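A note on names: the letters A, B, ... follow the listed sequences, proteins ahead of strands, and every chain is numbered from 1. Everything numeric in this text was worked out from a predicted model, so none of it was measured.
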Protein chains: 2
Amino acid sequence: MRKTEQRSAILRELQKRKDHPTAYDIYHTVRCSMPNISLGTVYRNLEYLAGKGMIRKIDSAGGKKRFDPNTQDHPHFHCLECDRVEDIPAATMPCVPDAGNDWPEGRIILGINLEYVGLCSSCAGRKTAVGHEGD
Amino acid sequence: MRKTEQRSAILRELQKRKDHPTAYDIYHTVRCSMPNISLGTVYRNLEYLAGKGMIRKIDSAGGKKRFDPNTQDHPHFHCLECDRVEDIPAATMPCVPDAGNDWPEGRIILGINLEYVGLCSSCAGRKTAVGHEGD
DNA sequence: TTCTATGCAAATTATTTGCAAACTA
DNA sequence: TAGTTTGCAAATAATTTGCATAGAA
């Protein structure tokens, strides 16, 4: 593992964000201070860092992969309206039957992804407050 | 909504499977009895049926979308080794705080996706039974 | 110097879309 | 007949990969 400006910049950028950026999002931002960085490098580093367990890759609904600087198991919330992904406090994680150990039928659970889908507060407010059901 | 042979065949095929096929998997199978069906038709119908709530689309880890004839909220298990997706009885679903209603910070929860990742029984057995950690 | 990481572009993979023809109601 | 659905192929979108060169140890 070599320490490169690119890798540091990518990690630093991800860590300062609370939204859950895609590789392209990171690329787009890091590019401001590092105009020559390539999308491929961003993808490679994000993948690398996730492999090292320094960040977490989340497969949220919607196709694209997103990244999270928080490597601890915690739920996410995906808004169907604005497509944003928010964090949900880990306290609401399911009552996992022996995560990390054997489990029903001999499986070995290594991780959990819990995603709630629905409408975020802004989008929900916009729909229920006034009563415009008809969108 | 018009009833076409293709749509029926796709739905029928999905309903008879317990694995969680991708659009291509369905296409590949349905093709045996309906050689001219196109991938586009499979994608369109799967999307259509999911929209109608007749089947469920699941965004599992790994990039491709998979489909499930069971529309009820229930957990899935994704094997990191063989990439298979299995069903987990709904009984192990998390203790959801008012799913379907408002929730922390004004969100409205419409659905839940719970995915456990790890090693399925076969893959787990292969790794722990003999003690071949190296691989 | 040695070998990893980068930039760039081409290559893949998954999914979507346009359009004329086929088919259902 | 009227309007939906299909097949085919081209178009997108997201991600990966090959390769020569720049850069870190």
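B/H78 and B/D83 are linked by a side-chain donor-acceptor pair at a separation below 3.5 angstrom, with hydrogens and angles left out of the test.
Considering only residues two or more places apart in sequence or on other chains, A/D59 meets the side-chain hydrogen bond (donor to acceptor under 3.5 Å, both in side chains) condition with none of them. For B/Q6, there are no side-chain hydrogen bond (donor to acceptor under 3.5 Å, both in side chains) partners, not counting sequence neighbours. For A/S121, there are no side-chain hydrogen bond (donor to acceptor under 3.5 Å, both in side chains) partners, not counting sequence neighbours. Every residue two or more places apart in sequence or in another chain that forms a salt bridge (charged side-chain N to carboxylate O under 4.0 Å, His left out) with A/R56 is listed here: A/D73. In terms of the side-chain hydrogen bond (donor to acceptor under 3.5 Å, both in side chains) criterion, B/R44 has no residue partners (sequence neighbours excluded). Residues passing the salt bridge (charged side-chain N to carboxylate O under 4.0 Å, His left out) test with A/R12: none are found, sequence neighbours excluded. Taking the salt bridge (charged side-chain N to carboxylate O under 4.0 Å, His left out) definition, one finds that A/D19 meets it with A/R17, sequence neighbours left out.
Under the 6.0 Å cut-off for aromatic ring centres, B/H74 and B/H76 qualify, their centroids lying closer than that.
Under a 3.5 Å cut-off, the side chain of A/S8 and the backbone N or O of A/T4 do form a donor-acceptor pair. Remark: side-chain polar atoms of B/R7 are paired, donor with acceptor, to backbone N or O of B/R2 under 3.5 angstrom.
Axis angle between the ends of the helix from C/dT1-D/dA25 to C/dA25-D/dT1, five pairs each and rounded to 10 degrees, works out to 40°.
Taking all atoms of both residues into account, the shortest heavy-atom contact from A/Y24 to A/L39 is CD1-CD1, 4.1 Å.
Linking ILVMFWY side-chain heavy atoms closer than 4.5 Å, directly or via other members, places A/L14 and A/I37 in a single hydrophobic cluster. Cluster membership check: B/I58 does not share its hydrophobic cluster with B/I26, using side-chain heavy-atom separations under 4.5 Å among Ile, Leu, Val, Met, Phe, Trp and Tyr.
For the segment residues 44-58 of chain A, residues with any heavy atom less than 4.0 angstrom from an atom of DNA chain C are, sorted by number, A/R44, A/N45. For DNA chain D, the residues of residues 8-39 of chain A within the heavy-atom distance limit of 4.0 Å (strictly under) are A/L39, sorted by number.
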*Under 4.0 Å protein heavy-atom contacts per nucleotide of nucleotides 20-25 of chain C, with B for base, S for backbone only and - for none*: ----BS
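Taking the charged nitrogens against the carboxylate oxygens, A/K18 and A/E86 have no contact shorter than 4.0 Å, which rules out a salt bridge.
A 4.0 Å heavy-atom criterion places the boundary nucleotides of DNA chain D facing chain A at D/dA14 to D/dA25, written 5' to 3'.
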